[in-house]
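Report on the following structure.
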Amino acid sequence: RVQLVESGGGSVQAGESLQLSCTISGDADTSAMAWFRQAPGKEREALVAIYSRTGSKYDRDFLHDRFTISYDSSKNLVILHMNDLKPEDTAMYFCAARGRMEYFGTQWRMETIWSYWGQGTQVTVSS
């Protein structure tokens, strides 16, 4: 059984930075990890991902490099680094993981490919 637990959410002012952590436990293959978010009334959207077998990282163009992902294999910990936060970044943030797959780079944005999800952590950005 795989368990993902997010932490680090909170309330910040616009322009500040915040770091979210996701601790992954369990015996299943979790070669790929990602962060998603869901704002009230909106669909959940993919933000960044990492494929630990190759070290490849992926992000969305609309983030303009404000968000990055890192992975500490010694702790099985995946981190979302968020800079220059804006009020529109207010959302529930989710960590996701799955085992190895082909063509990960072209499919990671699809919510349906992810096998494991955390419960989410709230981020609120005020202007």
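Keep in mind it's a predicted model, so treat the numbers as computed, not measured.
- Legend: salt bridge (charged side-chain N to carboxylate O under 4.0 Å, His left out) pairs involving residues 112-126, not counting sequence neighbours: none detected.
- The aromatic ring centroids of Phe67 and Trp35 lie 6.0 Å or more from each other.
- Considering only heavy atoms from C-beta on, Leu18 comes within 4.5 Å of Val123 through its side chain.
- The other members of the hydrophobic cluster of Ile79, by chain and number, are Leu77 (side-chain heavy atoms under 4.5 Å, ILVMFWY only).
- Other residues, nucleotides and ligands contribute more than 12 heavy atoms inside 6.0 Å of the CD atom of Glu88.
- Here the side chain of Glu6 pairs no donor or acceptor atom with the backbone of Cys22 at under 3.5 angstrom.
- Taking the side-chain contact (heavy atoms from CB on, under 4.5 Å) definition, one finds that Val2 meets it with Leu4, Ile24, Ala28, Thr30, Tyr116, sequence neighbours left out.
- Counting non-hydrogen atoms of neighbouring residues, nucleotides and ligands closer than 6.0 angstrom, the NZ atom of Lys75 reaches no more than 12 such neighbours.
- The local environment of CD in Gln119 is sparse, with at most 12 non-hydrogen atoms from other residues, nucleotides or ligands closer than 6.0 Å.
- Evaluation of the salt bridge (Lys or Arg N to Asp or Glu O under 4.0 Å) rule for Asp72 yields no partner, not counting sequence neighbours.
- Cluster annotation: Val78 and Leu80 are assigned to the same hydrophobic cluster (Ile/Leu/Val/Met/Phe/Trp/Tyr, side-chain heavy-atom contacts under 4.5 Å, transitive).
- Scanning for side chain to side chain donor-acceptor pair (under 3.5 Å) contacts around Arg44 gives Glu111, with sequence neighbours left out.
- Side-chain contact check for Ser17 and His81: no donor-acceptor pair (N or O, by modelled atom type) lies under 3.5 Å.
- Side-chain atoms of Trp108 do not come within 3.5 Å of backbone N or O of Val48 as any donor-acceptor pair.
- Between Ser52 and Met33 the shortest side-chain heavy-atom distance falls below 4.5 Å.
- Partners of Gln13 according to the side-chain contact (heavy atoms from CB on, under 4.5 Å) rule, which considers only residues two or more places apart in sequence or in another chain, are Glu16, Ser126.
- If you chain together hydrophobic residues whose side chains sit under 4.5 Å apart, Tyr71 and Leu47 fall into the same group.
- Taking the side chain to side chain donor-acceptor pair (under 3.5 Å) definition, one finds that Thr68 meets it with nothing, sequence neighbours left out.
- Here side-chain hydrogen bond (donor to acceptor under 3.5 Å, both in side chains) pairs that include residues 54-64, with residues two or more places apart or in two chains, are Thr54-Ser56.
- Under the side chain to side chain donor-acceptor pair (under 3.5 Å) criterion, Ser115 pairs with no residue at all, not counting sequence neighbours.
- With sequence neighbours left out, the side chain to side chain donor-acceptor pair (under 3.5 Å) criterion links Tyr51 to no other residue.
- Identified under the salt bridge (charged side-chain N to carboxylate O under 4.0 Å, His left out) test for residues 113-127, with sequence neighbours left out: none.
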Going by atom type alone, with no hydrogens or angles, which donor-acceptor pairs under 3.5 Å involve a side-chain atom of residues 91-103 and a protein atom two or more places apart or on another chain?
| from | atom 1 | to | atom 2 | distance (Å) |
| --- | --- | --- | --- | --- |
| Tyr93 | OH | Arg37 | NH1 | 3.1 |
| Tyr93 | OH | Asp89 | O | 2.6 |
| Arg98 | NH1 | Ile113 | O | 2.7 |

